[in-house]
Amino acid sequence: MSGGFAFALHGGAFGVAADHTDQNALLMRLLADGRRDLAAGASALDVCVAAFAAMEDSGLFVAGRGSGRNAVGYAECDAAVMDGATRKAGAVAGLRNVGHPVHAARLVMDHTRHVLLAGEAAVDALMPFGLVTVDDPASYFSAERSRTSFANASSEDPPHGTVGAVACDCHGRLAAATSTGGTRGKLPGRIGDTPIIGAGTYADSDVAVSCTGVGEYFMRHVAAYDVAARVRYSGLALDDAVAAVLRGPLEAAGGRGGLIAVSRARDVALAYNDAGMMAGSTTHNAEPRLIE
Ligand code: ASP
């Protein structure tokens, strides 16, 4: 019997307000698609992963095609996916020629016995399972559109545009996925929170979480897992658990960003401690809407 569903997406938190019209329109369309598919019985995992094809292709976010360049001028992408029902997870880091890093992460989960693969060797390992690479990374990762949306940002204000999805399906199964080009001007080889299970991405049988923000803080505070742990061990409501994580020691240490979360009870939390976050949600009894 269906217990309803919940689905949320984010397109990154940011320090400076800018025009996000195109990003918001895409998020709304993908929320509507996800709502349709979840109502038809699709799994949380499939709905989360499906949303990334358009987000990573669009060039509107700092993920996939829109990934910014690192300090020496090339894009390196990280991504993760986790199926809360089975606790299976897959992640990739430092990919330089893959347009759909979440697809690569899912290949790690579905076809290997590992959780996290990195760099060129990861691409080689995943090719036999159907990984598609881009021929000319220097022009593919042009990042023009995502850069435009952060045109007002100063160099002290790292632009965020990581994309994330969380869902609980009609059977109560949860999933989370996140994809990013990382932070502006990062050192080559730097890996953020996104592909680290429990830091930027996490799902179990109760809660699914996807984070965005300055990844080093989300890693040090194991932010995504901390939300789930507070629900599980302290019995906190999802909103309260999210607030405790975002407004607690992470913020006191200088960590800025946001996260989206859903629970098995089909509760949804969208929260940030920066100037804003592109995000929205929908449930079985709520039409898609964006965060205010
Ligand atoms: N969390 C990502 C990272 O540190 C960046 C972001 O969310 O904007 O790689």
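Just so you know, ligand 1 is whichever comes first in the structure, and atom 1 is the first atom listed for that ligand. Numbers for residues simply follow the sequence, beginning at 1.
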Find out if a path of hydrophobic residues (ILVMFWY) with successive side-chain heavy-atom gaps under 4.5 Å connects V262 to F52.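 No; tracing contacts between hydrophobic side chains, which count when under 4.5 Å, never links both residues.
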Count I, L, V, M, F, W, Y as connected when their side-chain heavy atoms are under 4.5 Å apart, and connections chain through other members. Are V49 and L131 then in the same cluster?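 No, no single cluster joins them.
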Which of the ligand 1 atoms, numbered from 1, are nearer than 4.0 Å to a heavy atom of [X]:
X	value
T212	6 (C), 7 (O), 8 (O)
T183	4 (O)
D193	1 (N), 2 (C), 3 (C), 4 (O)

Non-hydrogen atoms of [X] versus ligand 1: any pair closer than 4.0 Å?
X	answer
V62	no
G213	yes
E216	no

Does ligand 1 have a heavy atom under 4.0 Å from the side chain of T180, from its backbone, from both, or from neither?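 Only the side chain of T180 comes within reach of ligand 1.
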Which bit of R190 is near ligand 1, meaning a heavy atom under 4.0 Å away: side chain, backbone, both or neither?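 Just the side chain.
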Parallel, tilted or perpendicular: which fits the ring planes of H20 and F14, with parallel below 30° and perpendicular above 60°?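 Rings of H20 and F14: tilted, as their planes differ by 30° to 60°.
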Looking at ligand 1, does any of its N/O atoms fall within less than 3.5 Å of an N/O of G215?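 Between G215 and ligand 1 (N or O atoms, distance only) the closest approach is under 3.5 Å.
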No-hydrogen, no-angle side-chain donor-acceptor test under 3.5 Å, S210 and T178: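 The criterion, which ignores hydrogens and geometry beyond distance, is satisfied for T178 and S210.
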Whether the T283 and R266 side chains hold a donor-acceptor pair (N or O, under 3.5 Å, no angle test) is what I'd like checked.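 On atom types as modelled, these side chains do not qualify, holding no pair under 3.5 Å.
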Distance check, rounded to the nearest 0.5 Å: H103 atom NE2 versus D110 atom CG?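 If we round to the nearest 0.5 Å, H103:NE2 and D110:CG are 8.5 Å apart.
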With a distance cut-off below 6.0 Å to the six-membered ring centre and an angular limit of 45° from the axis, does R65 pair with Y140 as a cation-pi contact?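 Geometry flag: set, cation within 6.0 Å and 45°.
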